[in-house]
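Reviewing the structure listed below.
Just so it is clear, the structure is predicted and the values come from calculations on it, not from any experiment. Numbers restart at 1 for each chain; the letters A, B, ... are given by sequence-line order, proteins then strands.
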2 protein chains.
Amino acid sequence: MKLANRIKELRESQGLLQRQLSAQLEIDTPMFSKIERGERRAKREQVLKIAEILNENKDVLLSLWLTDQLLDVVNGEEQALQALKMAEKDIKANKK
Amino acid sequence: MKLANRIKELRESQGLLQRQLSAQLEIDTPMFSKIERGERRAKREQVLKIAEILNENKDVLLSLWLTDQLLDVVNGEEQALQALKMAEKDIKANKK
DNA sequence: TTTTGACTTGTCAAATATTGTCCAATGTAA
DNA sequence: TTACATTGGACAATATTTGACAAGTCAAAA
């Protein structure tokens, strides 16, 4: 599930308009529309605000947001899987 | 292993000077020095060229390069591991 | 100890990428 | 039609990245 899709789901399930979310995020509706369709990426700070407004767990949305970015980085690269695994290993090693 | 470190290893093992690599990459030595210390990021195209010059497998260097970027994305994020795993899943699912 | 050559540091400008605004278009329901 | 929600596209404002340049450190040779 992409962040964009989850945002749309949450917004619609709560009967909110793009216009209302946009206002709270202090961007205009076209911009929000683009974020909701994944055409533009939300900023970290906006993800947090969206989580608040839509009563969703911040960690959940942040994970989706990070995942989108990770996929962007490796998008179309032959070595995608390998790089992801190496990154994982690195994180695990340095977590201690 | 960071791309930067691997580049330095390869370069030194072959007795090449930064000046020589810089010339081939068409950047100046300070720039190359920064890349080699990981202070600046190489561009994809530069990674390929470096692989050629230093007789290293392109896939190997590209993997290191991608990994560096992945780590940058999740750096300092609580949800790093989870996001990496979700990205992995997504890639596996869409590979078929 | 001066000089030379390899490498590094810091600052700034150019190039690129991202984020946002605006206006116009499309869709949809009353 | 009219009104309102959403989308598309062009452009402006910002932010980030990339690179050039000048000056610095360091080590070894002279």
Send over the distance from A:Glu45 CD to C:dG20 P, rounded to a whole Å. 9 Å
Measure the distance from CG on B:Leu17 to P on D:dC26 and round it to the nearest whole Å. 20 Å
Quick one: label A:Lys34 by what it contacts on the DNA or RNA (base, sugar-phosphate, nothing), any heavy atom closer than 4.0 Å. base
Measure from CZ on A:Arg44 to P on D:dA15 and round the result to the nearest Å. 18 Å
What is the distance, to the nearest angstrom, from the NZ atom on A:Lys43 to the P atom on D:dA15? 8 Å
Distance test, side-chain N/O of A:Ser33 to OP1/OP2 of D:dT6, below 4.0 Å: no
Respond yes when some side-chain nitrogen or oxygen of A:Arg41 is under 4.0 Å from OP1 or OP2 of C:dA17, and no when none is. no
When you measure from the side chain of B:Ile27, which nucleotide among D:dT6, C:dT19, D:dA20 comes out closest? D:dA20
Taking any heavy-atom pair under 4.0 Å as a contact, classify A:Gln20: base, sugar-phosphate, or nothing. nothing
Verify the contact: side-chain N or O of B:Gln18 to OP1 or OP2 of C:dT8, cut-off strictly under 4.0 Å; return yes or no. yes
Using whole Å, report how far CZ of B:Phe32 lies from P of D:dC21. 19 Å
From the options D:dT6, C:dC22, D:dA22, select the nucleotide whose nearest atom is closest to the side chain of B:Pro30. D:dA22
Between A:Arg37 and D:dG8, does any side-chain N or O lie under 4.0 Å from OP1 or OP2? yes
For B:Glu12, is the CD atom crowded, meaning more than 12 foreign heavy atoms sit under 6.0 Å from it? yes
Looking at B:Arg37 and B:Glu39, does any basic side-chain N land under 4.0 Å from a carboxylate oxygen? yes
Rounding to 0.5 Å, atoms CZ (A:Arg40) and CD (A:Gln46) come to a distance of 11.5 Å
On DNA chain C, nearest-nucleotide positions of B:Met31 versus B:Arg19: which is more 5'? B:Arg19
Can a salt bridge be assigned to the pair B:Arg44 and A:Glu77 using a cut-off of 4.0 Å between side-chain N and carboxylate O? yes
Rounded off to whole Å, could you give me the CG-to-P distance for the B:Asp28 and C:dT8 pair? 13 Å
Nearest-Å distance for atom pair CH2/C1', residues A:Trp65 and C:dT19: 14 Å
Please state how far atom CG in B:Leu21 lies from atom P in C:dA6, giving the value in whole angstrom units. 13 Å
Please confirm whether the shortest side-chain N or O distance from B:Arg11 to OP1 or OP2 of C:dC7 is below 4.0 Å. yes
Less than 4.0 Å between a side-chain N and a carboxylate O, is that true for B:Glu45 and B:Lys49? no
Has A:Gln46 got a side-chain N or O lying under 4.0 Å from the OP1 or OP2 atom of C:dT18? no
Counting only side-chain N and O atoms of A:Arg40, is one of them less than 4.0 Å from OP1 or OP2 of C:dT19? no
